[in-house]
Amino acid sequence: QVQLVESGGGLVLAGGSLGLSCLASGRDLGHYDMAWFRQVPGKEREFVAAITWNGRDREYGASAKGRFTISRDNAKNMGYLQMNSLKPEDTAVYYCAAGLTSYRSHEYIYWGQGTQVTVSS
């Protein structure tokens, strides 16, 4: 079992930046691919970004390309999502996810509880 806890959400003005963190416990995160998803009430969950277990490969959803950066520090069992040039449409609950060999399938089995990001105009 892997427990994931997100932090760093909050309220930010459009054009601003916010950094999210994901702390893993229970297992060595270094074995797991990680990803960030987001969801707005009433809408489907949206893929934001993913990173392989060794940090070698990264993938971004269309809305995140050029503005968001996913990273990880396996020594600290941490994952990160740096979000720049935020827009009101980025407002959502952001979830951290982890899974073995999940990078290409986007199918993750461990999920955090989510952190709210609100971007005001």
Side-chain angles (χ1 to χ4, degrees):
Q1 283 277 6
V2 176
Q3 291 80 43
L4 303 172
V5 178
E6 302 94 338
S7 61
L11 175 65
V12 64
L13 291 174
S17 299
L18 206 58
L20 304 183
S21 299
C22 177
L23 173 63
S25 61
R27 294 278 179 89
D28 181 358
L29 190 63
H31 298 296
Y32 295 84
D33 297 332
M34 290 187 66
W36 290 90
F37 291 78
R38 68 187 186 186
Q39 190 166 24
V40 175
K43 293 189 176 182
E44 289 190 1
R45 187 171 57 203
E46 178 187 3
F47 169 75
V48 176
I51 186 169
T52 51
W53 63 274
N54 57 5
R56 193 166 297 171
D57 295 305
R58 294 172 173 84
E59 180 188 4
Y60 296 93
S63 61
K65 283 182 181 177
R67 299 189 299 128
F68 295 2
T69 302
I70 189 171
S71 61
R72 64 190 298 160
D73 185 339
N74 288 343
K76 297 180 179 178
N77 259 15
M78 293 288 296
Y80 306 97
L81 183 69
Q82 178 64 37
M83 304 184 293
N84 299 327
S85 302
L86 283 162
K87 306 173 183 179
E89 51 263 44
D90 293 319
T91 296
V93 177
Y94 284 72
Y95 296 91
C96 174
L100 294 171
T101 63
S102 299
Y103 180 75
R104 300 205 182 279
S105 68
H106 288 188
E107 295 177 356
Y108 293 83
I109 58 173
Y110 300 112
W111 294 84
Q113 83 289 349
T115 186
Q116 176 70 46
V117 172
T118 303
V119 184
S120 66
S121 56

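Positions are given from 1, in the same order as the sequence printed here. All values reported here derive from a predicted model rather than from experimental measurement.
Within the 3.5 Å criterion, the main-chain N or O of Thr91 finds no donor-acceptor partner in the side chain of Thr118. A donor-acceptor contact shorter than 3.5 Å is absent between the side chain of Asp33 and the backbone of Leu100. Asn74 places no side-chain N or O within 3.5 Å of a backbone atom of Asn54 that could act as its donor or acceptor partner. A donor-acceptor distance shorter than 3.5 angstrom exists from the side chain of Thr52 to the backbone of Asp57, with no hydrogens or angles considered. Distance alone, capped at 3.5 Å, is enough to place a donor-acceptor pair between the Asn77 side chain and the Arg27 backbone.
By the criterion of side-chain heavy atoms lying less than 4.5 angstrom apart, applied directly or through intervening Ile, Leu, Val, Met, Phe, Trp or Tyr residues, Tyr103 is not grouped with Met34; the two fall into different hydrophobic clusters. In the hydrophobic cluster analysis, where Ile, Leu, Val, Met, Phe, Trp and Tyr join through side-chain heavy atoms closer than 4.5 angstrom, Tyr32 is grouped together with Ile70. Tyr95 and Val48 are members of different hydrophobic clusters when ILVMFWY side chains are connected at heavy-atom separations under 4.5 Å. In terms of hydrophobic clustering, with Ile, Leu, Val, Met, Phe, Trp and Tyr side chains grouped at heavy-atom distances under 4.5 Å, Ile109 and Leu29 are assigned to a common cluster.
The shortest non-hydrogen separation linking Ser71 to Ile51 is CA-CD1, 3.9 Å. When all heavy atoms of Ser121 and Ala14 are compared, the pair lying nearest together is CA-CB, 4.3 Å. Nearest heavy-atom pair across Gly79 and Trp36 is O-CZ2, 4.1 Å. Listed here is the closest heavy atom pair of Tyr108 and Ala97: CB-CB, 3.6 Å. Nearest heavy-atom pair, Glu6 versus Tyr94, reported as atom, atom and distance to 0.1 Å: OE2-O, 4.0 Å. When all heavy atoms of Ser17 and Asn84 are compared, the pair lying nearest together is OG-OD1, 2.9 Å.
The CG atom of Leu81 sits 11.0 Å away from the OG1 atom of Thr115 when rounded to the nearest 0.5 Å. Between the OG atom in Ser63 and the CZ atom in Phe47 there is a gap of 9.5 Å [rounded to 0.5 Å]. Note: Met78 CE to Arg72 CZ = 11.5 Å, rounded to the nearest 0.5 Å. The distance from the CZ atom of Phe37 to the CH2 atom of Trp111 is 4.0 Å, given to the nearest 0.5 Å. Between Cys96 atom SG and Tyr80 atom OH the span is 11.0 Å, to the nearest 0.5 Å.
Salt-bridge check for Arg38 with Asp90: passed, with a basic side-chain N closer than 4.0 Å to an acidic carboxylate O.
Within a 6.0 Å sphere centred on CZ of Arg58, heavy atoms belonging to other residues, nucleotides or ligands number more than 12.
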Open item on the list: Could you walk me through whether Met83 and Phe68 satisfy the side chain to side chain contact (heavy atoms under 4.5 Å, CB included) test, starting with their C-alpha distance in whole Å, then the side-chain angles of each, then the deciding distance to 0.1 Å, before giving a yes or no?
Closed with: CA-CA 4 Å; Met83 304 184 293; Phe68 295 2; 3.5 Å; yes

Open item on the list: Show, in sequence, the C-alpha distance, side-chain angles and deciding distance for Tyr60 and Arg67, and conclude whether the side chain to side chain contact (heavy atoms under 4.5 Å, CB included) test is met.
Closed with: CA-CA 10 Å; Tyr60 296 93; Arg67 299 189 299 128; over 6 Å; no

- [ ] Could you walk me through whether Ser7 and Leu23 pass side chain to side chain contact (heavy atoms under 4.5 Å, CB included), step by step?
- [x] CA-CA 8 Å; Ser7 61; Leu23 173 63; over 6 Å; no

